[in-house]
Enquirer: 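Please see the structure below; I have some questions.
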Amino acid sequence: MRRTHRCGEVTKKDLDKNVVLNGWVKRTRDLGGMLFLDLRDISGVVQVFFDNEKTELYEAAKKLRMEDVIEVTGQVRAREEKNINPNMSTGEIEVGATGLTVLSKSEVPPFVISDAENASEELRFEYRYLDLRNEKAMNAMVLRSKAVMKVRNYFQRHNFIDIETPILNKSTPEGARDYIVPSRIHKGKFYALPQSPQIFKQILMVAGFDRYIQMARCFRDEDLRADRQPEFTQIDAEMSFIEQEDIFEIIEGLMVELWDLIDVKLSPPFPRLTWQEAMERYGTDRPDTRFGIELVDITKAAQETGLDMFKGENNVTKAIVAPGASEWSRKVIDELTEEAKKMGAKGLLWIKMEETEVKSSILKTLGEEKTRTLAVAAGAKTGDVALIVSDSFLKASKVLGHLRLVTGEKLELIDKNKFNFLWVYDFPLFEWSEEEQRYSATHHAFTSPREEDLDKLETSPESVLSQAYDLVCNGTELGGGSIRIHRPDIQKKVFKALGISEEEAEEKFGFLLKALKYGAPPHGGIAFGMDRIVAFLAWEDSIRAVIAFPKTTSAYCPLSDTPSEVGTKALDELNITLKK
RNA sequence: GGGGUCGUAGUUCAGUUGGUUAGAACGCCGGCCUGUCACGCCGGAGGUCGCGAGUUCGAGCCUCGUCGGCCCCGCCA
């Protein structure tokens with residue numbers, strides 16, 4: 001018999017109707033002579049009633065266990081006033097059972113489904129099919145589906161074409177470590193899984209699809225975090241004949257529609273901040289602007305103290321003020337110092353502006369008056385604590401940017417209900433890599449320098465700014481992109497600055513360079529971490545919660561036991577020998 | 001690659017300065033119960049204390065190593 005209703009959709013309108021329901025046994029409550037059963041499917045839960053006037057049926061119901069799959073026939077009836085359960089959407093009715101079929105028995109599950117949130121992630125992911133039966137986990141996936149539909153719908157309305165790009169790709173030298181797939185036919189050669197469809201979407205622009213969109217699965221073989229999985233989904237978009245501002249507008253419209261899913265009204269345009277300004281004020285390229293506390297440059301005041309520690313040639317002294325934090329114990333200060341050192345600072349200078357006196361690590365060396373002057377330069381008032389770091393501009397900014405976040409958390413200054421979006425743009429085109437002793441691309445090798453910086457490409461690459469941009473929300477980078485290089489001559493100069501030889505460029509990216517020679521339109525685009533966006537919408541801290549089958553931080557899947565060894569036959573065919 | 005933290009019953013956890021028989025809650029099994037909805041009450045089963053060494057008369061507890069989960073730094077164009 002086919003079901004007539006989903007469990008959560010039986011309502012008062014169905015009173016006296018005979019219904020057929022399918023679902024999982026959430027729980028039974030046997031009162032002796034009468035038994036209540038909560039039946040669950042994706043739509044919700046409904047209460048089924050068995051009594052011992054129908055002895056056989058009652059005895060059968062007594063044998064049911066959690067997570068058995070059953071079919072129930074019965075009649076919808078209203079609950080008496082005193083028996084209504086206001087916490088249940090179907091709480092005004094119940095189904096008086098007239099028939100019961102067990103469709104599938106369940107073993108005792110390793111955790112109780114309705115309590116899955118309290119089980120360890122490892123266990124939940126091993127039994128993800130049980131975990132997903134839990135309302136919250138299932139809703140996250142439902143929300144994800146809605147978000148995907150929104151995105152596709154939005155871009156279609158704006159004339160974007162959805163095109164799939166290859167999963168088996170050429171390995172490229174820049175960027176993250178590739179996942180590698182050996183080729184059987186081409187022995188000794190390898191495919192790489194895409195870190196992003198970057199080059200292909202640019203080639204699609206050359207082809208003339210002037211607006212492209214794809215939900216692209218991407219793969220990066222790097223160490224994982226709460227917001228990083230080895231495979232993840234990007235909303236990948238690219239447009240021709242546009243400028244940076246066009247991208248901002250179209251994406252702002254998309255964010256409005258996505259956040260509408262959770263009834264949050266965003267009001268574009270989002271604030272725009274240059275990279276320089278973001279670093280100066282927040283010490284990071286992804287500022288969390290849900291709370292105040294900005295970095296202050298006190299280099300001049302610091303140098304006037306005459307202390308050696310402030311003197312270095314490229315030294316910049318920066319500070320933040322923790323408002324009303326003079327109650328902080330020595331232990332808290334020590335913690336902050338540890339945090340600062342973790343970020344690479346030599347140390348952390350602190351000044352406590354207490355009611356009657358000033359306390360500081362440099363009080364003895366500097367004396368009360370000069371110490372107070374320094375704190376005041378940072379903007380500290382009575383009751384505040386000034387935290388000071390002296391180092392290179394980037395180091396001092398980053399350390400204080402981190403301390404700013406820690407301080408915001410500690411003092412509970414962050415309004416968790418806010419969604420503060422902003423654009424960061426004008427990133428440096430290159431950054432110096434100490435490890436490799438060369439410049440590397442801040443965004444990627446195809447990012448266009450700003451027009452006005454073109455002539456500095458060869459003379460002072462470090463000062464060239466790019467047409468790259470990030471969309472940031474609450475201190476998280478949701479996505480980023482750039483206007484691309486569409487002229488082969490500029491692309492060559494950028495490769496040169498990156499220390500990529502012509503031969504290497506030809507070997508690795510030759511197909512893109514060739515395409516650019518055949519009438520490439522000016523173009524640019526952006527890519528978003530779909531998982532991060534959905535995690536935001538679902539109020540989850542980890543993207544694992546919004547991925548159906550996530551991997552652990554060691555890139556292992558506890559459900560399928562992946563990765564695993566392969567047989568010698570497969571290795572032989574691939575001409576691969578494993579090292580001992 | 002580095003740092004932190006956790007690992008005890010099916011699950012989530014407690015376990016004192018190293019000391020007799022390792023506890024609780026939920027779940028599970030059995031019984032009672034006619035309006036429950038975290039039902040209630042009574043009884044019961046269930047443990048290689050992640051793994052391996054070491055110290056000790058004696059280790060869940062201390063030491064070293066190792067494996068795994070999570071968080072962070074590096075890394076992630």
Enquirer: Can you check the Y127(A) OH to U11(B) P distance for me, whole Å?
Expert: 9 Å
Enquirer: Looking at G69(B) and F125(A): do their rings stack (centroid distance under 5.5 Å, interplanar angle under 30°)?
Expert: no
Enquirer: Out of C76(B), C71(B), C37(B), which has the shortest distance to the side chain of R79(A)?
Expert: C37(B)
Enquirer: Among C72(B), G69(B), U36(B), find the nucleotide with the atom closest to the side chain of F36(A).
Expert: U36(B)
Enquirer: Please check if any side-chain donor atom of S171(A) sits under 3.5 Å from a side-chain acceptor atom of D178(A), or the reverse.
Expert: yes
Enquirer: Kindly say if S120(A) contacts the phosphate of G69(B), meaning a side-chain N or O under 4.0 Å from OP1 or OP2.
Expert: no
Enquirer: Would you call E409(A) and K416(A) a salt bridge, using N to O less than 4.0 angstrom?
Expert: yes
Enquirer: Looking only at the side chain of N52(A) (C-beta and beyond, no hydrogens), which of the listed nucleotides G69(B), C75(B), U34(B) gets closest?
Expert: U34(B)
Enquirer: May I have the distance from L336(A) (atom CG) to C72(B) (atom C1'), rounded to whole angstrom?
Expert: 16 Å
Enquirer: If you go through the side-chain atoms of R124(A), does one of them form a donor-acceptor pair with the base of G69(B) closer than 3.5 Å?
Expert: no
Enquirer: Let me know the distance between CE of M34(A) and C1' of C32(B), rounded to the nearest Å.
Expert: 16 Å
Enquirer: Roughly how many Å is it from CD in E335(A) to P in G3(B), rounded to a whole number?
Expert: 20 Å
Enquirer: At under 4.0 Å, does any side-chain N or O of R27(A) touch on OP1 or OP2 of C39(B)?
Expert: yes
Enquirer: Quick check on contacts: within residues 473-503 of chain A, what sits under 4.0 Å from RNA chain B by heavy-atom distance?
Expert: none
Enquirer: Among C37(B), C73(B), G69(B), which nucleotide has an atom closest to any side-chain atom of S554(A)?
Expert: G69(B)
Enquirer: Taking for each residue the nucleotide of RNA chain B bearing the nearest heavy atom, is the 5' side occupied by R77(A) or by E122(A)?
Expert: R77(A)
Enquirer: For R286(A), is there an ion pair with D470(A) - N to carboxylate O distance below 4.0 angstrom?
Expert: no
Enquirer: Once you round it to whole Å, what is the distance between P of C28(B) and CG of L64(A)?
Expert: 13 Å
Enquirer: Kindly point out which of G35(B), C37(B), G69(B) is positioned nearest to the side chain of R29(A)?
Expert: C37(B)
Enquirer: With nearest nucleotide decided by heavy atoms, which residue, N118(A) or I84(A), maps closer to the 5′ end of RNA chain B?
Expert: N118(A)
Enquirer: Go through G69(B), C37(B), C72(B) for me and flag the one nearest to the Y556(A) side chain.
Expert: G69(B)
Enquirer: Taking the side chain of V108(A) as its heavy atoms from C-beta onward, which of U36(B), G27(B), G69(B) lies nearest to it?
Expert: G27(B)
Enquirer: So if I apply the side chain to side chain donor-acceptor pair (under 3.5 Å) rule between D426(A) and each of Q276(A), Q467(A), R450(A), which one comes out positive?
Expert: R450(A)
Enquirer: Keeping Q47(A) on the side-chain end and L37(A) on the backbone end, is there a donor-acceptor pair under 3.5 Å?
Expert: no
Enquirer: Would you indicate which nucleotide in G69(B), C71(B), G35(B) comes nearest to any side-chain atom of R544(A)?
Expert: C71(B)
Enquirer: What's the closest nucleotide to the N83(A) side chain, out of A38(B), C29(B), C37(B)?
Expert: C37(B)
Enquirer: Does C75(B) have OP1 or OP2 under 4.0 Å away from a side-chain N or O of R220(A)?
Expert: no
Enquirer: Roughly how many Å is it from NZ in K82(A) to P in U36(B), rounded to a whole number?
Expert: 7 Å
Enquirer: From C39(B), U12(B), C70(B), pick the nucleotide closest to the side chain of T553(A)?
Expert: C70(B)
Enquirer: Rounded to the nearest Å, what distance is computed from the CE atom of residue M66(A) to the C1' atom of nucleotide C28(B)?
Expert: 9 Å
Enquirer: Looking only at N and O atoms, is any donor in the side chain of E94(A) or the base of G35(B) less than 3.5 Å from an acceptor on the other one?
Expert: yes
Enquirer: Please state whether the rings of Y127(A) and Y129(A) are parallel, tilted or perpendicular, taking 30° and 60° as the class boundaries.
Expert: perpendicular
Enquirer: Tell me what D51(A) touches on the nucleic acid: a base, only sugar-phosphate, or nothing, going by heavy atoms under 4.0 Å.
Expert: nothing
Enquirer: For F427(A) and W275(A), take the angle between the two ring planes, folded into 0 to 90°, and tell me which bin it lands in: parallel under 30, tilted 30 to 60, perpendicular over 60.
Expert: tilted
Enquirer: Rounded to whole Å, how long is the line connecting atom CD of E126(A) with atom C1' of G68(B)?
Expert: 12 Å
Enquirer: Is any side-chain N or O of R65(A) closer than 4.0 Å to OP1 or OP2 of C29(B)?
Expert: yes
